[in-house]
Structure formats: C-alpha cells, structure tokens
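Working notes for the structure below.
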Amino acid sequence: MRIVNHPILTFPQQDMVTFTLNGQKIEGVAGEPIAAALHAADIKVLRHSHERHRPRGLFCAIGNCSSCLMTVDGIPNIRVCIEPLRAGMVVETQEGKGKII
Amino acid sequence: MPSQERFAKGPIALFECMQQIPCNPCVDACSRGAITVKEINDCPSLNEELCNGCGVCMTHCPGLSIFVVDYTYGKDVALLKIPYEFSPLPEAKDVVDALNRHGERVGSAQVIRVQTSPNKTNIIWLSVPRELAMEVRSIRLQKGGHHES
Amino acid sequence: MITTEILVIGAGPAGLMAAIHAAEAGARVLLVERADRLGGQLIKQTHKFFGSKAEFAGERGMDIAEKLINWSSDVSGITIWKNAVVLGIYPDGVVTISHEGAFCTARPKKIIIATGASEKTMAFPNNDLPGIYGAGAVQTLMNVHGVLPAKRILMIGAGNIGVIVAYQLLQAGVEVAGIVEAAPQVGGYRVHAAKLQRHGVPIYTSHSIQLAHGDSCLEGVTISKLDEKWQPIAGSEQYIAVDGLCLAVGLSPLTELLWQAGCEMKFAGELGGYVPLRDANMKTTHENIYVAGDVSGVEEASAAMVEGKLAGLYVASVLGHKKDSFTKEFQTAKSQLAALRSGPASVKICTGLSKVVLEEVG
C-alpha cells in the first residue's frame with residue numbers, strides 16, 4: 001500500500017510504469033527500487049533460499065544484506081532494494097542461486 | 001510543577017522532560033528568555049514569571065514533551081495545548097477522545113483551535129474538564145481518519 | 001587515475017560534514033557515495049533532532065540532510081560521485097572504485113572513511129520470514145518511498161531507533177502492536193517512549209521474541225517474559241498477530257575497508273562491535289586514514305556530524321589548508337562533542353571510546 005496522507009511528508013502522485021513479476025503485470029513508480037514497487041503491490045516473497053528453499057524478503061533496504069536477490073531481465077542476484085525500476089523490466093522470483101546462463 | 005498561585009495568573013508551559021539528555025532547542029525557541037538549560041544534558045528549568053504560555057517552545061521540542069495549561073480559561077474547564085504530529089488534523093469545535101499518558105480514554109475534550117506550524121509540529125488547543133488538565137496528554141479523533149483504533 | 005587531496009568515503013552526516021569542512025578550508029575533495037543519493041540515513045529521519053543549535057537541534061533529520069547536501073554542492077572544491085562503491089584500498093595508496101558501473105582508480109593523499117553502520121539481526125526460529133525487517137528498512141520504505149511495510153507491526157528493541165521508528169509507523173498509519181524490550185527498562189529517550197505510550201502503544205519490557213510464525217510470510221510472533229537472568233519464563237508466552245516485525249536491535253560499524261587497509265581494530269561492544277583505534281583527531285593507526293561517524297563507533301547522528309567536521313578540518317590542516325579560524329573552529333567542535341557526550345545518556349558511549357581512543361576524548 002502507498003501512503004497518501006502523512007503528517008510530515010508529502011508524496012506527490014507520480015507517473016506509473018508497468019513491469020512484470022513472473023509474467024504478471026504490475027505497476028510501479030519509475031526510479032523507485034523494484035522492492036518498493038513490489039511492496040506497494042503487497043508482494044513480499046522475493047526469492048527462495050538455495051538449500052532449504054525458504055521464502056526470503058526484504059531486510060535492510062539499503063543494499064547491505066543480500067536478502068532481496070531477484071532475477072531481473074535475466075540477470076540473477078540483483079539487490080532489488082536498490083535497483084531502480086524501469087518500464088518493461090522482467091522481474092522473477094529467484095530460486096536458489098539463480099540461473100546464470 | 002508551577003504553584004497554584006502561578007496557575008491562577010494564566011497560561012504556563014509544563015515540561016515533561018525529566019531525563020538528562022543532550023538537548024536544548026527550547027531555550028532558543030523562547031523569545032522571553034524564560035527557559036534555561038545550563039549544561040546541554042540538564043533538564044530545562046522555567047522562569048514562571050517570564051513564561052506567558054505562548055507555546056512556541058512546544059513546536060521546537062524534539063521530544064514533544066512540552067504542554068501548556070491555562071486554568072483561567074473557564075470555570076469548569078481548563079485550556080490545554082498539546083503538540084500533535086498526526087494526520088488528519090482535528091478541526092475547531094470537534095469533540096475528541098481525551099487520552100492520558102498511557103493512551104487510555106479519560107474523557108472528552110473540545111478542540112478550540114488548531115494552530116498549524118511550518119515545521120509540522122502542530123498545536124491543538126483543547127478545552128478539557130479542569131480536573132483532567134494534568135492527565136490528558138493526547139487525543140483520538142472520534143470519526144474518520146486512519147489513526148483510529 | 002584520479003588524483004585528489006582528500007577522498008571521503010560515504011556521504012551521510014559524517015561524510016558530508018567532513019567533505020564540506022575540508023573543502024571550505026581549501027582542500028580538493030572527492031566525495032564518493034555508493035547510493036544514488038546523498039545524505040545517508042538522515043534522509044529518512046522525519047523526527048526532530050536533539051542536541052544544540054550547532055548540530056541543527058530541533059530540525060528534522062531529513063531537513064538537516066537537505067541543508068548539508070545543498071551546502072556540499074555550494075562549496076567549491078568538492079567533486080561528488082554517486083553510485084560509487086569503493087572496492088579496495090591498496091598498500092601503495094591506490095583506491096579502486098566502481099563509479100556508475102565503471103572501474104576507476106584514485107590516489108588520494110588522505111582518506112576519511114565515513115561508511116556508517118549496518119543493522120544487526122537477531123537469532124530466533126523463522127527469523128528469515130518475509131515481513132521481518134530491520135528498522136531502517138521500514139524507514140526507507142515508508143519515509144523515502146512512501147510505501148507501507150505492513151498493516152500491523154511489532155517492534156523489537158526500545159532503544160532510540162525502536163521508539164523513533166515505532167512513532168514514525170504510527171504517523172504513517174500503521175498499527176503498532178507494541179514494543180518488545182529484553183531489558184527491564186526502555187533504553188531510548190523517555191520522551192520518545194512517552195509519545196508512543198500516550199497513543200496507547202504497549203511497551204513490553206523484560207520480554208523477548210521466542211519465534212515467528214508464518215507459512216510464506218510472517219503471520220504472528222510469540223513473545224515471552226524474561227526473568228532477572230534474561231531467561232524466558234515458561235508459561236508466559238503470548239501470541240501477537242502481526243504481518244510485520246521490525247528489528248531495532250542495534251547497529252554494527254561497516255568497517256570492511258578499515259580491516260582491508262590494515263588499520264588496527266578493537267572490539268568495543270558499547271560502540272557496536274569492531275572499531276578502529278584512533279586518536280582525538282579521528283586519525284586511525286594508518287598514517288593516511290581517518291574516520292568519522294558510526295564507522296568509528298555507533299552513536300547519534302549529531303555526534304557523527306561533529307566528528308565529520310573535526311576530521312574534515314584536521315585532515316585539511318595536515319595538508320596545509322588551514323583557515324585563520326582553524327584553532328577556534330576545531331576547539332569549538334571538540335567542546336561540542338564533549339558536551340554531547342557529557343550526560344548520563346552517553347555513559348556507554350564514553351566507556352566504549354575509552355577503549356579505542358588513543359588520547360583522551362574531547
């Protein structure tokens with residue numbers, strides 16, 4: 001969910017762009033981190049761990065911890081908490097270490 | 001805590017800042033020089049005669065720990081000014097739930113004025129039953145708004 | 001190879017102040033920041049800061065960030081690189097940097113490391129479930145990007161970060177189920193805790209989280225009461241249904257570059273973990289490496305700003321850039337820092353500093 005009214009901050013309406021998550025179309029704000037767009041769409045499971053296939057989500061949101069690795073435009077292990085969203089991005093929930101080729 | 005005599009003279013600031021932390025913006029906020037913080041970790045001390053209860057210090061306090069009370073406001077009611085940083089703001093004449101320091105409803109208060117501040121720490125002027133003036137420290141809007149619980 | 005007099009790594013409160021004051025003294029500075037914006041974690045601080053006027057007290061952290069960012073762009077002599085990650089500091093003085101994805105090398109005369117800190121996590125079953133965040137992550141989502149992290153959140157840790165972020169959650173319209181604190185009392189400033197309590201947020205002191213529940217995402221947590229030896233009391237468990245859990249259990253200095261450069265490090269739990277030994281002028285045991293801010297010990301942002309100023313002024317002076325007002329400004333900054341650390345709230349910090357500062361603090 002996005003914040004509309006806030007006592008201190010203002011969040012002006014911004015242009016939305018479309019991208020896909022596992023083939024499903026989702027809208028987000030261009031330039032915001034992919035993870036923010038996914039959270040706004042209530043999507044929190046970003047990958048599954050490589051040994052026990054446990055769901056993993058966002059933890060630090062500033063590129064420190066690598067909890068949020070996803071496959072973006074075919075490239076695995078993208079920290080989506082700091083990767084800016086662009087129109088048409090193909091985002092996939094990452095399984096394990098991801099496929100390099 | 002100011003004396004009964006001082007309360008009888010009109011509005012005055014109340015400092016609920018009892019812990020020694022490095023902080024002194026209230027001193028610079030007061031144009032009357034009524035507030036002193038000797039060493040930056042000292043708690044503020046108020047010159048009760050210089051304070052006129054204007055409430056400017058309330059908007060500057062990072063801890064939102066300053067309130068203003070005026071017992072001369074009415075016969076059965078007191079005027080209480082509280083800092084408020086939530087959205088939406090109440091409007092003048094609204095009746096709101098009056099909450100104590102633990103967030104429990106202790107009665108109703110009427111909003112007298114909403115004084116907005118450029119730094120977004122707004123001041124709500126409330127008319128509260130006299131006996132609740134030292135208890136009420138927050139409000140909850142009675143209808144609408146996403147902060148209701 | 002880029003040549004510069006001073007390389008400042010990290011553009012948070014400490015790095016910005018260091019760059020500004022070094023450049024104002026006349027030094028040429030390269031300020032590198034790994035993120036795509038300056039200001040570090042200041043940009044998400046919607047609350048008003050403590051301290052005194054000299055540290056911008058009474059102003060909101062995000063407004064202080066804006067001030068420092070504008071100031072840094074107004075000062076001539078600072079080159080700013082965003083999206084610039086420092087990869088290594090080599091024995092010959094060469095620093096490698098990935099800037100906008102391109103590999104660069106720099107050879108600064110002096111380096112000020114102001115890389116800040118990262119959030120700690122906590123061990124409990126299912127602590128990896130989506131919906132469990134560091135407190136800073138929650139701030140980033142709501143205060144920078146305007147996205148709510150959850151509908152109902154439980155906060156772990158009643159230090160300043162815990163109480164501040166819990167209040168910010170309320171302001172954003174999130175229900176705060178409570179704050180859980182293992183210690184018998186609130187560690188953060190009591191005025192911050194009071195702001196939450198008067199809005200009805202319960203603070204569970206002497207409590208800790210036992211485990212998180214949920215299938216693919218967090219659905220709830222079990223907390224229990226702790227005895228005086230901090231052990232969970234059997235039968236005191238309670239389940240709290242939440243879709244968000246926020247961990248505010250401390251920060252660790254981001255010291256990788258200092259280790260790599262061979263600076264002598266020491267463990268000081270009071271300062272968040274391993275920190276570099278350094279003198280009162282912020283110089284490490286490495287002749288050309290200085291530090292400022294949380295990387296030299298986790299503290300409040302107001303202290304980080306003053307440390308940045310000290311480091312910036314001092315390093316510039318070592319390189320021969322000394323303003324007429326140097327002695328006065330430097331001494332004022334030192335007394336500012338000493339004043340900030342003089343109260344009972346700073347006892348822990350001072351204990352930590354006494355282990356790692358090679359001369360007397362202040």
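At a 4.5 Å heavy-atom cutoff, the contact between C:Ser216 and chain A is made by backbone and side-chain atoms alike. Residue contact with chain A, scored on non-hydrogen atoms closer than 4.5 Å, involves the backbone and the side chain of C:Ala150 alike. Proximity to chain A is limited to the side chain of C:Met62, based on heavy atoms less than 4.5 angstrom apart. With a 4.5 angstrom heavy-atom cutoff, C:Asp63 does not touch chain A via any of its atoms. Only the side chain of A:Leu9 has a heavy atom closer than 4.5 Å to any heavy atom of chain C. Neither the backbone nor the side chain of C:Leu218 comes within less than 4.5 Å of any heavy atom in chain A. Contact annotation for C:Asp215: only backbone heavy atoms (N, CA, C, O) come within less than 4.5 Å of a heavy atom of chain A. Interface remark: C:Gln139 contributes no atoms to any contact with chain A (heavy atom separation under 4.5 Å). Contacts between A:Arg56 and chain C at a heavy-atom distance below 4.5 Å involve backbone atoms as well as side-chain atoms. With a 4.5 angstrom heavy-atom cutoff, C:Val144 touches chain A only via backbone atoms.
Side-chain atoms of C:Lys44 and C:Thr140 include a donor-acceptor pair closer than 3.5 Å. With hydrogens and angles left out, the side-chain atoms of C:Gln210 and C:Thr222 include no donor and acceptor closer than 3.5 Å. Side-chain contact, C:Gln168 with C:Asn143: a donor N or O sits under 3.5 Å from an acceptor N or O. Judged purely by distance below 3.5 Å, without hydrogens or angles, the side chains of A:Glu95 and A:His48 pair a donor atom with an acceptor atom.
Under 4.0 Å is where a charged nitrogen must lie from a carboxylate oxygen, and between A:Arg54 and C:Asp128 at least one such pair does.
Of all the listed residues (C:Arg34, C:Lys151, C:Gln41), the one sharing the greatest number of non-hydrogen pairs under 4.5 Å with chain A is C:Arg34. Between chain A and the options C:Ala137, C:Gly146, C:Gly134, the largest number of non-hydrogen pairs under 4.5 Å is found for C:Gly146. Between chain A and the options C:Val138, C:Leu129, C:Asn126, heavy-atom pairs under 4.5 Å are most frequent for C:Asn126.
Other residues, nucleotides and ligands contribute over 12 non-hydrogen atoms within 6.0 Å of the CD atom of C:Glu100.
Side chain of C:Ser296 to backbone of C:Ala292: no donor-acceptor contact under 3.5 angstrom is found.
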Item to complete: Walk me through it: do C:Tyr189 and C:Phe50 pass the test ring pair (Phe, Tyr, Trp, His ring centres under 6.0 Å)?
Response: CA-CA 10 Å; C:Tyr189 293 164; C:Phe50 291 83; 4.9 Å; yes
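Ring centroids of C:Tyr133 and A:Phe59 are separated by 6.0 Å or more, keeping the two rings apart.
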